[in-house]
Amino acid sequence: MEKVQEVTYWKRCSTCKKEIGFRAPHYVCSVSTCRHPRKGFRFCSVECWDAHLGFANHREAWAEDAVAPTKEEYLQSEEGYIPAERAPKRVIVAPETASPHTRLAHETPSASVQTDTLIVVSKVKALIKERSGMSTSQCCIDALTKKVVGECLKAIEYATNSGRKTVMGRDVK
Ligand SMILES: [Zn+2]
Ligand SMILES: [Zn+2]
């Protein structure tokens with residue numbers, strides 16, 4: 001049984017089955033269900049992308065430039081699409097109960113992103129006060145900031161995998 005060893009191309013075009021090589025530019029559909037790794041539609045040309053519209057029945061869609069991963073990335077990644085090794089490091093939010101020792105173990109320089117408060121504190125406090133009458137602690141603000149950072153990093157990942165240089169609203173899942 002020869003398996004992944006002799007991989008000479010990345011994937012085949014979903015329409016014409018032409019081989020899409022490693023690092024080859026190609027196109028993906030803007031619709032998230034089409035680009036989801038499980039469905040994994042990718043197209044060698046805009047014409048091939050056009051062809052899938054016949055059965056996909058999209059209301060609004062466009063073809064997006066994408067670039068295939070390198071062979072190394074492909075073989076390393078389980079899905080063959082999102083190179084796990086290159087994924088941005090998640091911001092690790094240690095539970096409040098974690099000991100200082102545990103926190104240090106996680107917070108290597110590359111894993112932690114040092115950020116100032118990224119949210120509008122007064123507005124968050126006003127929202128919470130208005131909805132509940134409760135006050136808001138600083139650790140809540142910090143936790144929200146970490147969440148924002150984490151979502152940004154994930155969005156960067158999606159945009160990168162789509163071959164874009166702009167992070168769009170649809171990258172925020
Ligand atoms: Zn094709
Ligand atoms: Zn589509």
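Indexing begins at 1, ligand by ligand and atom by atom, following the structure's order. Treat the numbers as computed from the prediction; the structure is a model and nothing was measured.
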Between Cys48 atom SG and Cys16 atom SG, the angle centred on the Zn ion (ligand 1) rounds (to 10°) to 110°

Check: With respect to the Zn ion (ligand 2), what is the nearest N, O or S atom of His52?
Finding: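 His52's closest N, O or S atom to the Zn ion (ligand 2) is named NE2.
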
Give a yes or no on this: more than 12 heavy atoms of other residues, nucleotides or ligands lie within 6.0 Å of atom CZ of Arg23.
no

So, do Tyr74 and Phe22 have ring centers that fall under 6.0 Å from each other?
->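 Yes: the rings meet the under 6.0 Å criterion.
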
Margin query: Is a donor from one side chain sitting under 3.5 angstrom from an acceptor on the other, for Trp49 and Glu47?
Written below: no

_Run His26 and Phe43 through ring pair (Phe, Tyr, Trp, His ring centres under 6.0 Å) and show every step you take._
CA-CA 6 Å; His26 60 280; Phe43 308 97; 9.1 Å; no

Between Cys34 atom SG and His58 atom NE2, the angle centred on the Zn ion (ligand 2) rounds (to 10°) to 100°

